[in-house]
Amino acid sequence: MQTQWLRVGVFVAAMSAAGSFLISTARGEEGERNLPKVSNPTWKAECSSCHMLYHPGLLPERSWTRIMGTLDRHFGENATLDPAAREEITRFLVDHSAERQQNRRSIRINQSIKSNETPLRISTTRYFLARHDEVPEAIFQYKSVGSAANCVACHQGADQGDFSESKVRIPR
Ligand code: HEC
Ligand code: HEC
């Protein structure tokens, strides 16, 4: 009797696993490629005044921890925050960092970084370089772009974590 109940349980678990698999494939390619929508008001306020918001799933935890620990010398700027804001943003970035994501881009970015490396930029990761090897260097220096760090100049929706090919527009 007991083994039979066990079998029923296993069957039900297998069915619901199959069901959620079907639902996730039905959502389509773009959905699982793109990064999920995430937000935090302090992050939004403090990390978008000089540049676009970089989705936390674009870098691993150790990169965010280092970035947040060196805000007094942040790419030539002083981006220091009060301790409470810094802690809140660090926690948010770490909670949604690349190694905690299920989407393909975050997984690939993370895989492209050697375990002994802690990049401070997305735009220097091997993943980024491989995806942009056909974009001429001169385009990144257009006035309308500024630098490779300005993802949103070419990717409409980049600050939402959307890097779909259909939303790429190279400005002039
Ligand atoms: C005072 C201005 C300023 C503020 C505030 C600021 N940044 Fe930056 N950040 C910069 C500059 C300048 C760069 C270099 C941009 C470039 O290369 O074009 C940069 C670059 C970056 C990059 C690297 C982008 C890449 O892939 O090349 C990351 C990641 C980043 N910032 C994260 C943050 C986070 C997180 C916050 C909020 C805690 C923040 N920044 C707040 C000025 C700022
Ligand atoms: C000068 C314009 C430009 C800038 C700036 C730029 N990209 Fe791109 N990106 C492109 C182009 C062009 C492609 C190739 C699109 C294609 O394959 O059709 C691309 C491809 C990608 C892809 C792969 C898309 C796919 O599905 O194959 C990702 C992810 C990506 N970029 C992320 C970024 C991130 C993150 C930044 C900022 C740190 C950035 N890009 C900055 C132009 C740019």
Side-chain angles (χ1 to χ4, degrees), residues 28-36 38-99 101-113 117-172:
E29 281 277 282
E30 303 256 293
E32 51 176 278
R33 270 194 196 191
N34 283 321
L35 289 75
V38 292
S39 201
N40 169 282
T42 314
W43 168 65
K44 250 187 161 163
E46 303 293 350
C47 303
S48 67
S49 50
C50 302
H51 49 64
M52 60 169 270
L53 279 169
Y54 298 111
H55 193 293
L58 294 170
L59 284 172
E61 169 173 348
R62 61 186 182 283
S63 293
W64 292 124
T65 312
R66 186 166 299 175
I67 288 168
M68 294 306 290
T70 54
L71 286 176
D72 56 330
R73 38 209 155 91
H74 180 76
F75 303 94
E77 303 276 342
N78 185 346
T80 311
L81 294 170
D82 66 73
R86 197 187 60 192
E87 252 173 59
E88 182 184 344
I89 296 171
T90 306
R91 202 172 327 115
F92 167 76
L93 293 168
V94 165
D95 282 351
H96 301 281
S97 58
E99 58 266 68
Q101 296 286 338
Q102 308 297 321
N103 72 85
R104 251 165 56 194
R105 298 201 205 287
S106 296
I107 293 168
R108 298 265 159 84
I109 289 171
N110 201 33
Q111 285 170 344
S112 86
I113 301 170
E117 289 173 345
T118 304
L120 299 182
R121 285 182 180 272
I122 303 135
S123 61
T124 55
T125 59
R126 279 191 293 157
Y127 175 87
F128 179 94
L129 299 174
R131 294 301 158 130
H132 297 87
D133 63 347
E134 283 171 15
V135 184
E137 184 50 40
I139 295 182
F140 287 115
Q141 274 143 39
Y142 282 180
K143 269 214 180 97
S144 51
V145 178
S147 83
N150 192 16
C151 324
V152 77
C154 306
H155 296 274
Q156 300 171 338
D159 42 9
Q160 257 80 248
D162 185 348
F163 295 94
S164 313
E165 283 173 45
S166 60
K167 289 192 185 148
V168 176
R169 303 270 182 285
I170 308 269
R172 299 211 266 164

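Whatever order the structure lists them in is the order used to number ligands and atoms, beginning at 1.
Atom numbering of ligand 2 starts at 1 in the shown order; those under 4.0 Å from a heavy atom of C151 are 34 (C), 35 (C), 36 (C), 37 (C), 38 (C), 39 (C), 41 (C). Set against the non-hydrogen atoms of E46, the atoms of ligand 1 under 4.0 Å away are 5 (C), 37 (C), 41 (C). Atoms of ligand 1 lying under 4.0 Å from any heavy atom of I67, numbered from 1 in the order shown and given with element: 29 (C). Ligand 1 places these atoms under 4.0 Å from at least one heavy atom of A149: 16 (C), 17 (O), 18 (O), 24 (C), 25 (C), 27 (O). In the vicinity of S147, heavy-atom distances shorter than 4.0 Å reach the ligand 1 atoms 16 (C), 17 (O), 18 (O). Short contacts between ligand 1 and M68, defined as distances under 4.0 Å to a heavy atom of the residue, involve ligand atoms 38 (C).
Classification of the F140-F128 ring pair by plane angle, with boundaries at 30° and 60°, yields tilted. Using cut-offs of 30° and 60° on the angle between ring planes, the pair H51 and H74 is tilted.
At least one heavy atom of L120 sits closer than 4.0 Å to an atom of ligand 1. The shell of residues lying under 4.0 angstrom from ligand 1, judged by heavy atoms, excludes R86. Ligand 1 lies less than 4.0 angstrom from a heavy atom belonging to S49.
Among the atoms of H74, an N, O or S atom falls under 2.8 Å of atom 8 (Fe) of ligand 1.
Taking each of F163, Y54, F140, Y142 in turn, the one with a heavy atom nearest to atom 28 (C) of ligand 2 proves to be F163. Nearest residue to atom 26 (O) of ligand 2 from M52, R131, R105 is R105 (criterion: closest heavy atom). Among C154, P171, G161, A148, the residue whose heavy atom sits closest to atom 4 (C) of ligand 2 is C154.
Every N/O-N/O distance between S123 and ligand 2 stays at or above 3.5 Å. Any N or O atom pair closer than 3.5 Å counts here, and H132 shares at least one such pair with ligand 2.
In terms of modelled atom types and a separation under 3.5 Å, the side chain of Y54 and the main chain of A149 share a donor-acceptor contact.
In H155, the N, O or S atom that comes nearest to atom 8 (Fe) of ligand 2 is NE2. Of all N/O/S atoms in H51, NE2 sits nearest atom 8 (Fe) of ligand 1.
Both the backbone and the side chain of R121 come within 4.0 Å of ligand 1, counting heavy atoms alone.
Among all heavy-atom pairs drawn from P56 and F92, the shortest one is CG-CE2, 3.8 Å. A pairwise comparison of heavy atoms in F75 and L120 identifies CZ-O, 3.4 Å as the closest pair.
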